[in-house]
Student: 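Could you have a look at this structure, given as structure tokens, before my questions?
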Amino acid sequence: MPPFRYTAALAAGIEQRWQDRWEEEGTFRAPNPTGPLAPAPGTAEAARLDLPKSYVIDMFPYPSGAGLHVGHPLGYIATDVLSRYQRMAGFNVLHAMGFDAFGLPAEQYAVQTGQHPRKTTDENIDRYRGQMRRLGLAYDDRRTFATTDPDFYRWTQWIFLRIRDAWYDAEQRRARPIAELVAQFESGERATPDGRPWAQLSAVERAAVLDGHRLAYRSEAPVNWCPGLGTVLANEEVTPEGRSERGNFPVFRRDLAQWMMRITAYADRLLDDLDTLDWPEPVKMMQRNWIGRSQGARVTFAVAEHAGSVTVFTTRPDTLFGATYMVLAPEHELVNGILPESWPAGVPAAWTGGATDPASAVAAYRKQAAAKSELERQENKEKTGVFTGAYAVNPVNGERIPIFIADYVLAGYGTGAIMAVPAHDHRDFAFARAFELPMRCVVTPDDGRGDDPTTWDDAFVSNDAACCNSTHDGISLDGLAVPAAKQRITEWLAAQGLGEGTTTYKLRDWLFSRQRYWGEPFPIVYDEDGAAHPVPDSMLPVELPEVDDFSPVTFDADDATSSPMPPLAKATDWVHVTLDLGDGPKRYRRETNTMPNWAGSCWYELRYLDPTNADALVDPANEAYWMGPTASATTGGVDLYVGGVEHAVLHLLYARFWHKVLFDLGYLASVEPFHRLVNQGYVQAYAYTDERGFYVPAEQVVEADGGWTYEGKPVRREYGKMGKSLKNVVTPDEMCDAYGADTFRVYEMSMGPLEVSRPWETRAVVGSFRFLQRVWRSLVDEQTGAPRVVDTPVDDDTRRLLHRTIDGVRTEMAGLRFNTAVAKLIELTNRLVQISADGAPREVAEPLTLMVAPFAPHLAEELWALLGHDGSLTYQAFPVAEERWLTADAVVYPVQVNGKVRGRVEVASDADDATVQAAALADEKVAAALAGRTPRKVIVVSGRMVSIVV
RNA sequence: GCCGAGAUGGUGGAAUAGGCAGACACGAAAGCCUCAAAAGCUUUUGUCCGAAAGGGCGUGCGGGUUCGAGUCCCGCUCUCGGCACCA
């Protein structure tokens, strides 16, 4: 083995040396316009402030105990490659990394072992930092933190207080300080809920009124209580089966006083501003679906022989004439009030559920619905329900229609009540068929099915057809297209005082309390009356107390009646405090819930901008510089944010919400946190099970004619995640040991497009290793380690390849197509190898080194030094292609005869079409294919090809 | 069920302003070097017929538009992801 061959050991030496040097020199530090991270005037760093900026980050990781496997760094390497490229291409690049370190695993480990979560967390972070350093990730080392740092969560708490201290002004469509709302109440500009003057309200009453407006508020509301975990959960953390996403415990709806975030106030803006973002369409779609805005109308139906009325929400007010019955959610509050003593005469048996009177029918149905698990409801979509015995009056034609309760109507959406139009709604159709309810066609089918619903297989649903059978005193929709009919009827209802156009959302307010230890404490205390008071900014952060027992009290998983007991409640010395909140020292009780995991990740991208600022979460000048709106990003935000699709809804929606509140309150110039989002794919892996179904170590499985064996016995292959229990984990450290970090980086980038998931294949890594070896061997003498570069000029053909490569690599880099960029570099390298028998021409060696640098930075730095340069190449200009070498003198045209390539002709690149055509027809292979026939048509696509038709 | 994304050699993947399908890499085969092995290097490698020259067929399936379709249109199949009675 030659002593200076590029081996793993040689690579390890180079990598270590350059990582040390980058650290010593602070190579990747990005200057801020102002504050502690602003550069000294006149330095190279200061000059970079005049360049266009680029802010590139990944979704920061939760530092788990298992460390990184080869799947995790895919996005980190991609953003690193891009940011290294951009530094060379003339940008001031901010690239940073932190840790989302509050979370359950550390707490659960603490519960099991008694080891403080902070210790576990810090150890894991150290391990992650070590692994990331070893990969050569070029972060600004001054801009890093964990969400668990008191200096960080101080600001998380500060933001919480600003949100609590704000209300949403629906007219101005923005958040405003609560003091401005108080002023409106005081002046009488805004009436109090019960009309009394503000001054006459007691302190408790005022607090209650304001809580009805605050963007962070406490409410006694139905929440998802999970006794098995001992905590409440956000809607998003509950599976469709009604169980906890984590742990799969049953979840119950219970009324509990909890902190909420009024994210619903921002539903429209969160929806509308998606249009300004450069995000993958599926992610936008998921957010749109989650917000679930739908336009429609509320319509009030009187209850027959009764004083009450029921308001329904419908998106199809145009079908009001087709309403033949009404359905309330079983839990609807009006149900009990409208039940008659006995069934009306002639009620069909199927409607009563076999009960003797409406009250017992409703009670029985409710019981039956409650007994069904969510899963059973999912599986069985057959419509069930029961008649209430009451009738509603259709306001448009006075018709009496029966009122049912059924679980296909959800209490939490719209008004919890619907008008049923079985002819034009699939669900209503199914219900009507099951209960033999009448149907009336009020939208003429345009698919030839006829207008008699009794002959239909399903409802006719269309927004393009025209209305019919919809005329009564003073109102007719007949002949109107659906959209026009909606407008007409909505106006009519409003004029009659029977309804109004309205918008509803699926989005609910965000439950923000967790009964956990390892989270941000709320900066809230309660006085003797139970009133909440903010902890003054000057007393932040409210730090977590030391406790002996980190677990919330958990209960029998099925005990729906249990109540939360957070771990912080046990820290009695901490809970009970004496504070002076401006009216002298008093006793207070601290809030013992903590914030949910998402809190820190709702704003961390802002803290990288000014991580050491002690006076503000970020200096406005720094935020405006890095994230402010630009011509192409009109709502501002991070230039590139890379992370997994699993955060498509929750993290990204919550972070957008907080960002908008902070914008409204004047703290930020940007309206959106993340302008461009890219979802990196997953690196997955094969796992193998033996005949008993146990996993066997994947690395020892061998492939043998169409199957796989482990220790000679056949095993089954499955494809999925990497995990300890699947015995298929491959770590970046192993790859660094075997090949070096540069090889690993190149391999991860050349596996395929960033967005696509792909299987890990360790044995393929060697291809990237050979590539770097060829680069090294071309420029360095393997026997002496001396550079073997010559100054002889290269042939035109090589020079053209060089410039085509430069041009192509720049294009691919900008489009994040790193796999094809690497392929182009390999092609250039393979040419260099061919022409370097007597030494590598500098004309190719230098630009190749610079272009390889984003992918294999350590190797490139080493080669750059060997080429005779001082200092890091980090800020060397990326090569620029010369236009004149991008076009060849001659072009080879493929010639098609009847669609098949039959020959090729070489023609000067500036030849006109006639010349090209003549050359094509003169080619002997083409002539042979023509076999004497006269071309009917000859098509010359300039610079591309010739097509002859005979 | 609804919405979205996708399907290209043995494998990962190239090629979208409709213009030479399979770049680049892995694997495989043969060879060079070596006492030998490893590493490295060279050549071949979509498939079928053929000794070769050459030819036929080929981008999930079936149609269509076009001189020309992986790319556009219509109709399917399958895979993955999201939502799940949202009125």
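So you know, we letter chains A, B, ... as the sequences are listed, proteins then strands, and number each from 1. Owing to the predicted nature of the structure, the values given are computational and were not obtained by experimental measurement.
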Student: Using the P atom in both, what is the distance from B:rA17 to B:rU71, to the nearest Å?
Tutor: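 Looking at atom P only, B:rA17 and B:rU71 are 14 Å apart.
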Student: For A:Asn289 and A:Val409, find the nucleotide of RNA chain B closest to each by heavy atoms; which residue's nucleotide sits nearer the 5' end?
Tutor: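 Nearest nucleotide further toward 5': that of A:Asn289.
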Student: Using whole Å, what does the distance between atom C1' of nucleotide B:rA5 and atom CD of A:Glu755 come to?
Tutor: 12 Å
Student: Tell me the interatomic distance from A:Gln287, atom CD, to B:rC3, atom C1', rounded to whole angstroms.
Tutor: 16 Å
Student: What nucleic acid atoms does A:Lys506 come within less than 4.0 Å of, heavy atoms only: base, sugar-phosphate, or nothing?
Tutor: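 Answer is base: heavy atoms of A:Lys506 come under 4.0 Å of a base.
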Student: Find out whether the Lys NZ or Arg CZ of A:Arg745 is both under 6.0 angstrom from the six-membered ring centre of A:Phe855 and within 45° of the ring's axis.
Tutor: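 Cation-pi check for A:Arg745 and A:Phe855: fails.
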Student: Which nucleotide wins on minimum distance to the side chain of A:Met285, given the candidates B:rG4, B:rC85, B:rG12?
Tutor: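 Nearest nucleotide to the side chain: B:rG4.
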Student: Suppose you measure atom P in B:rC78 against the same atom in B:rC72; what distance do you get, rounded to whole Å?
Tutor: 22 Å
Student: Could you tell me which non-hydrogen atom of A:Arg763 sits nearest to which non-hydrogen atom of A:Val766, and how far apart they are?
Tutor: O-CG1, 3.4 Å
Student: Are A:Phe435 and A:Phe404 close enough that their ring centers fall under 6.0 Å?
Tutor: yes
Student: Over all strands shown, is A:Ser757 touching base, sugar-phosphate only, or nothing at heavy-atom distances under 4.0 angstrom?
Tutor: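 If one applies the 4.0 Å heavy-atom cut-off, A:Ser757 turns out to touch the sugar-phosphate alone, with no base involved.
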Student: Enumerate the side chain to side chain donor-acceptor pair (under 3.5 Å) contacts for residues 750-759 of chain A, please, sequence neighbours excluded, ordered by first and then second residue.
Tutor: none
Student: Counting Watson-Crick and G-U wobble pairs whose two distances are both under 3.5 Å, find the runs of 3 or more in a row that involve RNA chain B.
Tutor: B:1-7 with B:77-83, B:10-12 with B:24-26, B:27-32 with B:40-45, B:46-49 with B:54-57, B:60-64 with B:72-76
Student: Which value, rounded to the nearest 0.5 Å, describes the distance between A:Met813 atom CE and A:Phe818 atom CZ?
Tutor: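 Reported value, rounded in 0.5 Å steps: 6.5 Å.
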Student: With a 3.5 Å cut-off and no angle check, do the side chains of A:Ser294 and A:Thr315 form a donor-acceptor pair?
Tutor: no
Student: Test your reading of the model: is there a side-chain donor-acceptor pair from A:Arg366 to the backbone of A:Pro330, 3.5 Å cut-off?
Tutor: yes
Student: Please figure out whether A:Gln773 or A:Pro282 has its closest RNA chain B nucleotide nearer the 5' end.
Tutor: A:Pro282
Student: Provide, to the nearest angstrom, the distance between the CZ atom belonging to A:Phe313 and the C1' atom belonging to B:rA87.
Tutor: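 Taking CZ of A:Phe313 and C1' of B:rA87, I get 7 Å after rounding.
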Student: Assign A:Arg293 to base, sugar-phosphate, or nothing according to its heavy-atom contacts below 4.0 angstrom with the strands shown.
Tutor: nothing
Student: C1' atom, B:rG82 versus B:rG58: distance in rounded Å?
Tutor: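 My reading of the C1' atoms in B:rG82 and B:rG58 gives 35 Å.
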Student: Summarise protein proximity over nucleotides 17-27 of chain B in one line of letters, 5' to 3': B for base, S for sugar-phosphate only, - for none, counting protein heavy atoms closer than 4.0 Å.
Tutor: --BB--BSSSS
Student: Could you walk me through whether A:Asp428 and A:Lys383 satisfy the salt bridge (charged side-chain N to carboxylate O under 4.0 Å, His left out) test, starting with their C-alpha distance in whole Å, then the side-chain angles of each, then the deciding distance to 0.1 Å, before giving a yes or no?
Tutor: CA-CA 9 Å; A:Asp428 297 343; A:Lys383 296 287 179 287; over 6 Å; no
Student: Atom CD of A:Glu812 and atom P of B:rG13: how far apart are they, to the nearest Å?
Tutor: 17 Å
Student: Considering only the P atoms, how many Å lie between B:rA25 and B:rG50, rounded to the nearest integer?
Tutor: 32 Å
Student: Taking the same atom, C1', in B:rA14 and in B:rU8, what whole-Å distance lies between them?
Tutor: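 Looking at atom C1' only, B:rA14 and B:rU8 are 10 Å apart.
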Student: For atom CG of A:Asp275, is the number of surrounding heavy atoms from other residues, nucleotides or ligands below 6.0 Å larger than 12?
Tutor: yes
Student: Under 3.5 Å, is there a donor on one side chain and an acceptor on the other for A:Thr798 and A:Arg831?
Tutor: yes
Student: Syn or anti: how is B:rG9 classified when any glycosidic angle within 90° of 0 counts as syn?
Tutor: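 Base orientation: syn.
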Student: Rounded to the nearest angstrom, tell me the gap between atom CD in A:Gln834 and atom C1' in B:rU43.
Tutor: 13 Å
Student: Rounded off to whole Å, could you give me the NZ-to-C1' distance for the A:Lys721 and B:rC80 pair?
Tutor: 15 Å
Student: Select base, sugar-phosphate, or nothing to describe what A:Thr504 touches, counting heavy atoms under 4.0 Å on all strands.
Tutor: nothing
Student: If you measure from the P atom in B:rA15 to the same atom in B:rC24, how many Å do you get, rounded?
Tutor: 13 Å
Student: Quote, to the nearest angstrom, the P distance that separates B:rC74 from B:rC3.
Tutor: 15 Å
Student: Just checking A:Pro2: base, sugar-phosphate only, or nothing, at a heavy-atom cut-off of under 4.0 Å?
Tutor: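 Answer is nothing: A:Pro2 stays at 4.0 Å or more from every strand.
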Student: Can you tell me how far P of B:rA5 sits from NZ of A:Lys284, to the nearest Å?
Tutor: 13 Å
Student: Rounding to an integer number of angstrom, what distance separates B:rC32 and B:rG22 when you compare their C1' atoms?
Tutor: 29 Å
Student: Between A:Tyr505 and A:Thr264, does any side-chain donor sit less than 3.5 Å from a side-chain acceptor?
Tutor: no
Student: Taking the side chain of A:Arg777 as heavy atoms from C-beta outward, which of B:rA87, B:rG40, B:rG56 is closest to it?
Tutor: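 My answer, after comparing the listed nucleotides, is B:rG40.
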Student: Expressed in angstrom and rounded to an integer, what is the separation of A:Arg817 atom CZ from B:rA15 atom C1'?
Tutor: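 Going from A:Arg817 (CZ) to B:rA15 (C1'), I get 12 Å.
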